[in-house]
Amino acid sequence: MPIIRNRSWVAAPLDEVFAFFDQPRNLSRLTPPPGRVIVDRVEPDPPRVGSEFTFRYGIGPIMVGSWTVRLVERVPGVRFRDETVVGPMRRFDHTHAFAPARHGTWVIDEIDYHVGPDGWVGLLVDVAAGLAMRAIFVTRGALQRRLLRG
């Protein structure tokens, strides 16, 4: 299965950055236009291992579907990992890690995913999805830097 790794720097202390990402409702603030995310449910809140989040996603005013993820690992100040329960991808396992950096924090994402069917068609769909996610991370990095300025 394909894996995407991304690392970006923000000018804020690690504890502040972790707290921001640890709140699922901030996902809507981190989604670059024209994408749109609305968090519908976080249970329980605040999140802990076993918590499930449901959100709707779309482009502009058009909502395409819903996605439910479960928090499967949480190490405060270090990382957390969520995986898809129900969503548009067959597999989406996302590790969010954080590391101190000079004058800020590294935000490190690793996504293990599989979108399409098995075989060569699925491979093509996975490649296209991977390119789209990489583009999203470029814009998301700029949003993170703007939202988390220490």
Taking all atoms of both residues into account, what is the closest heavy-atom pair of [X] and [Y], and its distance?
{"X": "Q144", "Y": "S8", "result": "NE2-OG, 2.7 Å"}
{"X": "R25", "Y": "S28", "result": "O-OG, 3.3 Å"}
{"X": "V121", "Y": "P117", "result": "CG1-CG, 4.1 Å"}
{"X": "R134", "Y": "R5", "result": "NH1-O, 4.3 Å"}
{"X": "T95", "Y": "R81", "result": "OG1-CD, 3.2 Å"}
{"X": "V37", "Y": "L27", "result": "CG1-CD2, 3.8 Å"}

Using a 4.5 Å cut-off on heavy atoms from C-beta on, say whether the side chain of [Y] contacts that of [X].
{"X": "P88", "Y": "V115", "result": "no"}
{"X": "S51", "Y": "V42", "result": "no"}
{"X": "I111", "Y": "F137", "result": "yes"}
{"X": "T105", "Y": "E16", "result": "no"}
{"X": "E110", "Y": "I3", "result": "yes"}
{"X": "M89", "Y": "W67", "result": "yes"}
{"X": "V107", "Y": "H96", "result": "no"}

same_hphob_cluster([X], [Y]) at 4.5 Å side-chain heavy-atom cutoff:
{"X": "L143", "Y": "V10", "result": "no"}
{"X": "V64", "Y": "M133", "result": "yes"}
{"X": "Y113", "Y": "I136", "result": "no"}

Parallel, tilted or perpendicular, as decided by the 30° and 60° cut-offs, for the rings of F80 and F18: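 Because their plane-to-plane angle is over 60°, the rings of F18 and F80 count as perpendicular.
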
Parallel, tilted or perpendicular, as decided by the 30° and 60° cut-offs, for the rings of F98 and F21: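 Rings of F21 and F98: tilted, 30 to 60°.
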
CA sep, side-chain torsions, deciding dist, call: F20, L30, side-chain contact (heavy atoms from CB on, under 4.5 Å): CA-CA 10 Å; F20 179 84; L30 288 168; 3.7 Å; yes

Co-members of the apolar cluster containing I108 [side chain, <4.5 Å]: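 Reading the cluster by chain and number, I108 sits alongside W9, W106.
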
Side chain to side chain donor-acceptor pair (under 3.5 Å) contacts touching residues 34-44 (sequence neighbours left out): D40-R56, R41-E43, R41-T54

D93 side chain vs D112 backbone, donor-acceptor pair below 3.5 Å: no

Donor-acceptor contact present, side-chain Y57 to main-chain G35, <3.5 Å: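 No, the answer is negative, given that no donor and acceptor are paired below the 3.5 Å cut-off.
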
Gap separating the CG atom of L71 from the CZ atom of R48, nearest 0.5 angstrom: 10.5 Å

Any residue meeting salt bridge (charged side-chain N to carboxylate O under 4.0 Å, His left out) with D82, in chain and number order, not counting sequence neighbours: none

Note: R90-D118 ion pair, threshold 4.0 Å (strictly below): yes

Heavy-atom neighbours of L147 CG exceed 12 at 6.0 Å: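 Yes - once you tally the heavy atoms of other residues, nucleotides and ligands closer than 6.0 Å, there are more than 12.
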
Test log, rule side-chain contact (heavy atoms from CB on, under 4.5 Å), inputs H94 and D109: CA-CA 7 Å; H94 188 172; D109 292 279; 2.7 Å; yes

